[in-house]
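Below is one structure, written out as structure tokens, with a few remarks after it.
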Amino acid sequence: MAKEILGTSRVTLFPLLHLWPDTYGVAAYASYGHFGTSAVVGYIPIPEVPDISFMDVAARHVSGAMSAVNWVLCTGWSSRTVPKPDSLVLEDVQWHLQVDTRGDAEGDKGSGFMYGHSELYTGRFTLIDGVEEVEEVVNGAASKARRLIVNEPLMKQAREVLPLPR
């Protein structure tokens, strides 16, 4: 099973051109952990849009000494400090990240921090109302599993950040 992260925080949603010349997705930026030192940059799943591989996008954009992790951190952080016109900021919302990748920030002079974060997690991002425990039977054995309670109105709002075809 893939690693999962649950959090409650401010979330910034923004359109991201991830496949040149015209394939946009919706990205989400949040922080969690002690003092928010862990960054989360995820994609909102949209059926007609390919999933965003942030490390692949970063690899196509980095130059010089900047790492792919730092590029993704910069993209997320910048979405909050200088938001695009179509961005959406949600305060104090619950979210879930199905982790695709994890990386360490490479700060100046070996500090290990970039844009206030020491680590980055990327993956599929879902806005939720909570988690419930459910019983399931696998191969005749009962076990407990978690099921996300998806916040459909917020997910609809998030998908609407996607730019319309022009």
Side-chain angles (χ1 to χ4, degrees), residues 1-33 36-62 68-103 105 114-117 119-134 136 145-166:
M1 177 183 234
K3 181 176 170 78
E4 298 176 307
I5 298 172
L6 294 168
T8 301
S9 66
R10 177 172 41 166
V11 173
T12 303
L13 300 156
F14 59 99
L16 179 70
L17 176 63
H18 67 102
L19 293 172
W20 185 260
D22 58 1
T23 303
Y24 283 84
V26 176
Y29 169 68
S31 61
Y32 84 104
T37 57
S38 297
V40 169
V41 180
Y43 62 87
I44 299 293
I46 301 173
E48 61 275 9
V49 176
D51 294 346
I52 300 172
S53 170
F54 288 97
M55 293 304 159
D56 289 348
V57 174
R60 292 191 298 268
H61 288 85
V62 295
V69 168
N70 285 1
W71 186 91
V72 177
L73 286 170
C74 178
T75 300
W77 180 80
S78 298
S79 74
R80 183 162 293 162
T81 57
V82 185
K84 290 181 167 188
D86 296 330
S87 296
L88 176 64
V89 177
L90 304 172
E91 298 291 341
D92 199 34
V93 295
Q94 293 182 58
W95 50 265
H96 170 268
L97 182 79
Q98 182 178 333
V99 177
D100 289 338
T101 59
R102 183 210 166 276
M114 184 62 77
Y115 305 105
H117 302 296
E119 63 183 344
L120 167 72
Y121 292 90
T122 68
R124 179 182 287 246
F125 196 93
T126 307
L127 298 161
I128 62 173
D129 278 330
V131 179
E132 67 181 356
E133 297 284 326
V134 294
E136 63 180 26
R146 293 188 313 175
R147 185 177 73 81
L148 299 175
I149 303 168
V150 176
N151 186 323
E152 292 298 345
L154 283 184
M155 287 298 287
K156 180 179 184 297
Q157 227 181 331
R159 289 182 186 102
E160 289 171 352
V161 171
L162 187 70
L164 296 173
R166 303 201 194 284

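Any value given below was found using the heavy atoms of this structure, including those in side chains, with hydrogens, waters and symmetry copies removed.
- Val41 places none of its side-chain heavy atoms less than 4.5 Å from the side chain of Thr75.
- Atom-to-atom distance recorded for Asp86:CG and Glu160:CD is 11.5 Å, nearest 0.5 angstrom.
- Under the salt bridge (charged side-chain N to carboxylate O under 4.0 Å, His left out) criterion, Glu132 pairs with Arg147, sequence neighbours left out.
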Report task. Give the intermediate values and the outcome of side chain to side chain contact (heavy atoms under 4.5 Å, CB included) for residues Leu90 and Arg10. Result -> CA-CA 6 Å; Leu90 304 172; Arg10 177 172 41 166; over 6 Å; no
Query raised in the report: Between Lys3 and Tyr121, is a side chain to side chain contact (heavy atoms under 4.5 Å, CB included) present by the stated rule, with each step listed?
Result: CA-CA 10 Å; Lys3 181 176 170 78; Tyr121 292 90; 3.9 Å; yes
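- Contact of the Arg124 side chain with the Asp51 side chain is registered, since non-hydrogen atoms from C-beta on lie closer than 4.5 Å.
- Within the 4.5 Å cutoff, the side chain of Val93 has no heavy atoms near those of the Glu91 side chain.
- Residues passing the salt bridge (charged side-chain N to carboxylate O under 4.0 Å, His left out) test with Arg146 are Glu4, sequence neighbours excluded.
- Counted by atom type alone, Glu119 and Ser38 present one or more donor-acceptor pairs between their side chains at under 3.5 Å.
- Looking at every heavy atom in both residues, Leu13 comes nearest to Ala28 through CD2-CB, 3.6 Å.
- Here the side chain of Ser87 pairs no donor or acceptor atom with the backbone of Pro83 at under 3.5 angstrom.
- In this structure, the side chains of Ile128 and Leu6 come closer than 4.5 Å at one or more pairs of heavy atoms.
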Query - Step-by-step side chain to side chain contact (heavy atoms under 4.5 Å, CB included) determination, Asp129 to Val150 - result: CA-CA 6 Å; Asp129 278 330; Val150 176; over 6 Å; no
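- Atom CG of Asp92 sits about 8.5 Å away from atom OG of Ser9, to the nearest 0.5 Å.
- Defined by atom type and a distance below 3.5 Å, a donor-acceptor pair is present between the side-chain atoms of Thr122 and Thr101.
- Residues Leu16 and Phe54 meet the side-chain proximity criterion, which asks for heavy atoms closer than 4.5 Å.
- The two residues Gly25 and Ile52 come nearest to each other via the heavy atoms CA-CD1, 3.9 Å.
- Atom CG of residue Leu154 and atom CD of residue Gln94 lie 10.5 Å apart, to the nearest 0.5 angstrom.
- Between the side chain of Arg60 and the main chain of His18, a donor-acceptor pair closer than 3.5 Å is present.
- Counting heavy atoms from C-beta on, the side chains of Arg80 and Phe14 never come closer than 4.5 Å.
- One distance of note links CH2 of Trp95 with CD1 of Ile5; it measures 6.0 Å at 0.5 Å rounding.
- Taken from CE in Met55 to CZ in Arg102, the straight-line distance is 10.0 Å, to the nearest 0.5 Å.
- Across all their heavy atoms, Lys84 and Pro15 have their closest contact at NZ-O, 3.1 Å.
- Val26 is not listed as a side-chain neighbour of Tyr43, based on a closest heavy-atom distance of 4.5 Å or more.
- With rounding to the nearest 0.5 angstrom, the CD1 atom of Ile46 is 4.5 Å from the CG atom of Leu162.
- A search for side chain to side chain contact (heavy atoms under 4.5 Å, CB included) contacts involving Ala39 returns Tyr29, Leu73, His117, Leu120, not counting sequence neighbours.
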